[in-house]
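Comments concern the structure below.
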Amino acid sequence: MRTVDIREADPARDAPAVFALIERYRATLSQWLSGVIKPQSAADTEAFLRLQAQGNEEGRCAHRLIIVNEEIAGMCALHGISQAHHYGRAGYWLADPFVGKGVMRLAMTRLLDHAFDELGLHRIELGCAPENVRSCKVAESLGFRLEGELRDAQYLNGRYWNMRCYGLLADEWKNRA
């Protein structure tokens with residue numbers, strides 16, 4: 001049985017492991033994520049994690065490492081948190097060995113509990129390309145509703161991609177079966 005948890009990163013301690021994970025699975029991650037693959041060194045990754053830690057402190061984001069059996073497996077986050085509008089945008093990535101095992105669903109459940117219960121948010125949005133079937137399935141399994149599709153909303157790997165827009169409201173999360 002796998003234990004899945006989320007926690008804030010310690011930039012200095014976690015950067016080498018996060019960078020190694022990105023580097024090892026860069027080919028897979030780069031299919032859908034431009035930001036994740038930007039770090040080209042552990043120092044770049046540490047700088048990124050420090051920015052996220054600052055955002056966590058300031059309430060602009062809730063950036064978390066996904067931990068499986070005490071091993072870093074990926075990340076999940078709320079970005080663009082607006083306390084004025086009780087809103088945030090979700091994002092996530094997972095290294096290949098952890099995909100398809102329910103890890104992301106468990107990690108996102110913890111993050112969404114935090115978003116709605118502790119941060120008092122009302123709405124979480126999530127966007128992903130229709131071709132990113134696994135990401136769409138994660139969103140749908142968590143109860144996000146497909147609200148539309150934006151044409152050519154992402155530019156990645158030399159082409160434009162549509163983006164499915166999903167939304168989840170606090171009441172929907174709290175009243176899920």
Side-chain angles (χ1 to χ4, degrees), residues 4-11 14 18 21-22 29 32-39 45 47-68 72-95 98-99 102-130 132-151 153-156 161-177:
V4 177
D5 205 357
I6 61 172
R7 69 168 170 80
E8 290 188 40
D10 175 327
D14 295 325
V18 172
L21 198 63
I22 291 169
L29 295 171
W32 305 114
L33 303 164
S34 60
V36 170
I37 61 166
K38 283 182 184 176
T45 304
F48 169 77
L49 293 176
R50 286 192 188 287
L51 283 174
Q52 295 306 315
Q54 182 179 352
N56 288 343
E57 282 183 33
E58 295 170 357
R60 292 182 286 110
C61 66
H63 200 269
R64 303 292 187 265
L65 296 176
I66 299 170
I67 309 297
V68 177
I72 297 172
M75 294 185 166
C76 58
L78 298 172
H79 300 280
I81 292 175
S82 169
Q83 290 300 335
H85 298 289
H86 306 257
Y87 160 91
R89 291 185 318 273
Y92 43 76
W93 65 268
L94 202 57
F98 304 97
V99 171
V103 169
M104 188 56 75
R105 189 174 194 291
L106 289 170
M108 284 299 295
T109 294
R110 287 177 174 79
L111 186 64
L112 292 168
D113 284 342
H114 175 70
F116 293 123
D117 297 338
E118 296 173 40
L119 298 179
L121 299 182
H122 175 72
R123 176 181 171 79
I124 304 295
E125 290 182 5
L126 189 151
C128 54
N132 189 346
V133 174
R134 288 185 189 265
S135 188
C136 293
K137 285 185 178 187
V138 167
E140 291 162 7
S141 77
L142 290 164
F144 280 83
R145 292 186 186 182
L146 180 61
E147 296 179 336
E149 190 169 310
L150 302 175
R151 297 175 300 140
Q154 299 173 315
Y155 186 78
L156 183 63
W161 298 84
N162 287 359
M163 182 171 38
R164 284 190 177 165
C165 298
Y166 290 93
L168 179 65
L169 304 179
D171 288 344
E172 294 167 342
W173 181 249
K174 291 173 185 170
N175 295 323
R176 68 191 186 280

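We're numbering straight along the sequence, starting at 1.
- Going from atom NE2 of His79 over to atom CG of Leu126 covers 10.0 Å, rounded to the nearest 0.5 Å.
- Between His85 and His122 the shortest side-chain heavy-atom distance does not fall below 4.5 Å.
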Please report the C-alpha distance between Ile124 and Phe144 in whole Å, then the side-chain angles of each, then the deciding distance to 0.1 Å, and finally whether the side chain to side chain contact (heavy atoms under 4.5 Å, CB included) criterion is met.
CA-CA 9 Å; Ile124 304 295; Phe144 280 83; 3.9 Å; yes
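- Proximity of Asn162 to Leu150: side-chain heavy atoms (C-beta onward) are nowhere separated by under 4.5 Å.
- Taking 4.5 Å as the limit, some side-chain heavy atom of Val18 sits within range of a side-chain heavy atom of Met75.
- With a 4.5 Å cut-off on side-chain heavy atoms, Tyr92 and Ser135 count as touching.
- The shortest side-chain heavy-atom distance between Arg176 and Leu142 does not fall under the 4.5 Å cut-off.
- The heavy-atom pair separating Ala73 from Trp93 by the smallest distance is O-CZ3, 4.4 Å.
- To the nearest 0.5 Å, atom CG of residue Leu111 and atom CD of residue Glu118 are 10.0 Å apart.
- A ring-centre distance under 6.0 Å is found for Trp32 and Trp161.
- Taking 4.0 Å as the cut-off between side-chain N and carboxylate O, Glu149 and Arg164 count as a salt-bridged pair.
- Applying the salt bridge (charged side-chain N to carboxylate O under 4.0 Å, His left out) test to every pair with at least one member in residues 166-175, sequence neighbours left out, gives these pairs: Arg145-Glu172.
- With a 4.5 Å cut-off on side-chain heavy atoms, Met108 and Arg64 do not count as touching.
- Remark: the Glu125 side chain and the Tyr87 side chain contain an N/O donor-acceptor pair separated by less than 3.5 Å.
- Across all non-hydrogen atoms, the minimal contact from Arg110 to Val4 is CZ-O, 3.1 Å.
- Ring pair Phe116/Trp173 is tilted by interplanar angle, where 30° to 60° counts as tilted.
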Compile the donor-acceptor pairs under 3.5 Å between side chains in residues 54-62 and protein atoms, sequence neighbours left out, one pair per line.
from  : atom 1 : to    : atom 2 : distance (Å)
Gln54 : NE2    : Glu58 : OE2    : 3.0
Asn56 : OD1    : His63 : N      : 2.8
Asn56 : ND2    : Glu8  : OE1    : 3.4
Asn56 : ND2    : His63 : O      : 3.4
Glu58 : OE1    : Arg60 : NE     : 2.7
Glu58 : OE1    : Arg60 : NH2    : 2.9

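- Looking at every heavy atom in both residues, Leu78 comes nearest to Ala115 through CD1-CB, 3.4 Å.
- In this structure, Leu94 CG and Arg105 CZ are separated by 14.5 Å, a value rounded to the nearest 0.5 Å.
- Not a single donor-acceptor pair under 3.5 Å links the side chain of Asn132 to the backbone N or O of Cys128.
- Residues Arg89 and Gly80 approach most closely at NH1-CA, 3.9 Å, considering heavy atoms.
- Scanning all heavy atoms of the two residues, the minimum distance from Ala95 to Leu21 falls at CB-CD1, 3.6 Å.
- Of all non-hydrogen atoms in Ser141 and Val138, the two that sit nearest each other are OG-O, 2.9 Å.
- How far CG of Leu33 is from CG of Leu156: 7.5 Å, rounded to the nearest 0.5 Å.
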Given Leu121 and Gln83, is the side chain to side chain contact (heavy atoms under 4.5 Å, CB included) satisfied, shown in steps?
CA-CA 7 Å; Leu121 299 182; Gln83 290 300 335; 4.3 Å; yes
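- Listed for the Arg123 side chain is no donor-acceptor partner under 3.5 Å among the backbone atoms of His86.
- Heavy atoms of other residues, nucleotides or ligands lying less than 6.0 angstrom from CZ of Arg50 number more than 12.
- With sequence neighbours excluded, the residues forming a side-chain contact (heavy atoms from CB on, under 4.5 Å) with Ile67 are Arg7, Leu65, Ile72, listed by chain and number.
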